[in-house]
Structure formats: structure tokens, C-alpha cells
Number of protein chains: 2
Amino acid sequence: MDDIDRHIVAALVADGRMSYTDLGKLIGLSTSAVHQRVQKLEERGVLRGFRAVVDPEALGLALTAFISVKPIDPAAPDDVPDRLRDLIEVEDCYSVAGDENYILKVRVGTAGELESLLGRIRTAAEVSTRTTVVLSTPFEDRMRSAH
Amino acid sequence: MDDIDRHIVAALVADGRMSYTDLGKLIGLSTSAVHQRVQKLEERGVLRGFRAVVDPEALGLALTAFISVKPIDPAAPDDVPDRLRDLIEVEDCYSVAGDENYILKVRVGTAGELESLLGRIRTAAEVSTRTTVVLSTPFEDRMRSAH
DNA sequence: AGTGAAAGTCATACTCT
DNA sequence: AGAGTATGACTTTCACT
């Protein structure tokens, strides 16, 4: 992981469909050398993949919320993430230090769907929940790609 | 935005570097028709772009935290996002309903960097902060791409 | 690790339907 | 809106350094 690798990663974070030809010109390396480095970055897991970034509202997911979750029985074995994995509305699941055990980020279309989701979270994971609704998103998913 | 568009979006969320040729085969459309649809999805803002997904730890960002933020002077004009935009450690900034005004997601390398960042957040935005440290990430960034 | 070249594949623009 | 086609560009592999 040298400066060239960091440069490649930064470029691909900014434009995931950039061609290896352009990438080579950008960083001053031959197409095949860039190709080889990208492959190794993928093999090492530095680059986890490439994805399209979608406007959630365009998919009818206008409501984002954070849900903090705490097991009702603190003595029970903690398999909360496994119990929530099938709920596709749950985009992120973080295990956290603090009063609550997990923070979830969820996206739904309507308040009614949020209500239904909260019920499913509580029964699936046997947890109590505390919900914080997102009003707007000044910025999101900014990726630091280099130092 | 019909089922074909949703199918295209789902495929590109799963693999942002998929060729239009493969995409066409996958959804049963010619390469040029797929190309045309993807262009329109980009123009309409449904597809915001394409990016590489990077392992934060590979970039030396092993510590993730949520920081809830509340203005010290509730009467002051609220330009918190603008004041935080230059802090590259702040990956997400959500305006939320609740006791606090904003939730930030930040990534840093060490506890010392988190401490320094908190100081910069408080002085830059004139806010008090409440920090929740992420211990592990069972899953993250799962994208619902279709219904 | 990087270069350069050769082969196959793909993107892109155009025309026609 | 989609299909088919042609051309230039790109990816990918390989031999060489």
C-alpha cells in the first residue's frame, strides 16, 4: 500500500467506472501496471468492490432513521445482527459502546412502514428501540481516499 | 422508472463495473437499449455515480464513531453542516428530529485523533457533542435496489 | 513491478424500425 | 424505445525487462 495505490484508490472512489487506460494516464503508469495493481488491491480486500450510488428517494425510500437497540433480556446470548439481517430496510448495523448495544440505519418509504419495521425489529431481535428520524442529509458517504 | 430500470439499478448496485453487454444479456435487452436507459437514469439523478468501495481499515481508519451534536446557543443561526464540511473525517451529516440537532458519522485512525476531531467539531460549529464509539460493524451499506 | 504488443471484447454513435 | 451494425477504444493476457 504505497502512494500509487492510494492514488488509484482515490481515483476509483471518485469514479468507479474509470477505465484502466485513463487511470494509467492519470497516475503515470502503463495500463497493464494499473490493472495489475487494481487486481492486487481487490485480492487484498482494500477494494471491496464497485457499486452504483443510487438516490434513495428515486427508489421510494424517502424516510431515513437511526434506531438504537437494546436487548430486553441483557443475559440472553447476543445474536441481534443475525436476527436483523433479513430485514432489508436495515442498511447498516453497528455494535456500539454505550447505553444501547446497536445502532441501525434504516430506510423506508413512509412513517407507516417505519412503524411496521420497528415492530418487526422488536419481535425479531427481542429488543427495545429508540428511534431518531432524519429530517435532511446535508452530506453523506464522503469518502476519504488519501491522506 | 419501470421494472427494467429497477433491474438495471439493482445490477449496477451489485456490480458497478458490469459491462453494458453483460447487463443487456442479464435483463434481456440490447446493449444499446441498456446504454440509453443507464444514461437517462444518470440524467434523472437516479444513478448518482459509480464508486469503489474501500475497506476503511486499509486506509488506516480503524475507528468509527457517531457524534450527536447540539448548538451551544440554540438561538444562533444554524449553519452547522457548512462549518463541518471541511472536516474530512466527517463522512455523513444528518439533520435529525430529537434532543440533538445533527448526527455525524466519523472515521479516524486512533482515539487520539477522535479526541482532536471532537475539539475541532466543537470549536468550528459551536456545539456540544455526545459520542458513541463503534465496536464492530456486523453489516454496512446494504443497498435495497428493488422491491 | 513495470512495459509493450496482440487478441478479443466492449462502448458509443448511427440508422432503421 | 429498442435493435442492429460499424468503428475506435478498452481490457486482458503474455513475453520481456
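In what follows, chains are A, B, ... by sequence order, proteins preceding strands, each numbered from 1. Any value given below was found using the heavy atoms of this structure, including those in side chains, with hydrogens, waters and symmetry copies removed.
Comparing C:dG2, D:dG2, D:dT12 by their closest approach to the side chain of A:Gln36 singles out C:dG2. Checked against D:dA1, D:dG2, C:dG2, the side chain of B:Lys40 finds its nearest nucleotide in D:dA1.
The cationic atom of B:Arg17 (NZ for Lys, CZ for Arg) lies less than 6.0 Å from the six-membered ring centre of A:Tyr20 and within 45° of the ring axis.
Between the base of D:dA3 and the side chain of B:Ser32 there is a donor-acceptor pair shorter than 3.5 Å.
When heavy atoms are screened at a 4.0 angstrom cut-off, A:Ala33 is found touching base atoms of the nucleic acid. Among the protein residues, A:Thr21 comes within range of the nucleic acid bases, having at least one heavy atom under 4.0 Å from a base atom. Using a 4.0 Å heavy-atom criterion, one finds that A:Ser19 contacts the sugar-phosphate atoms exclusively.
Rounded to an integer number of Å, the gap from CG of A:Leu29 to C1' of C:dT3 is 10 Å. Put simply, CE on A:Met18 is 11 Å from P on D:dT11, counting in whole angstrom units. Between the CZ atom of B:Arg37 and the C1' atom of C:dT12 there is a distance of 18 Å, rounded to whole Å. In this structure, A:Arg17 places its CZ atom 13 Å from C1' of D:dT11, rounding to the nearest Å. Across the protein-nucleic acid pair, A:Asp2 atom CG and C:dG2 atom C1' stand 13 Å apart, rounded to whole Å. Atom CG of B:Asp22 and atom P of C:dA11 are 8 Å apart (whole Å). Taking atom CD of A:Gln39 as the reference point, atom P of D:dT12 lies 8 Å away to the nearest angstrom. A:Ile27 places its CD1 atom 14 Å from the C1' atom of C:dT3, with the value rounded to the nearest Å.
Annotation for A:Glu140: atom CD counts as buried by contact number, over 12 foreign heavy atoms lying within 6.0 Å. By the 6.0 Å contact criterion, CD on A:Glu42 is enclosed, its count of non-hydrogen atoms from other residues, nucleotides or ligands being greater than 12.
Residues A:Asp99 and A:Lys70 are paired through a salt bridge, judged by an N-O separation under 4.0 Å between the basic side chain and the carboxylate.
For A:His35, a side-chain nitrogen or oxygen approaches OP1 or OP2 of D:dT12 to under 4.0 Å.
Residues B:Arg142 and A:Glu91 come closest through the heavy atom pair O-CG, 2.7 Å.
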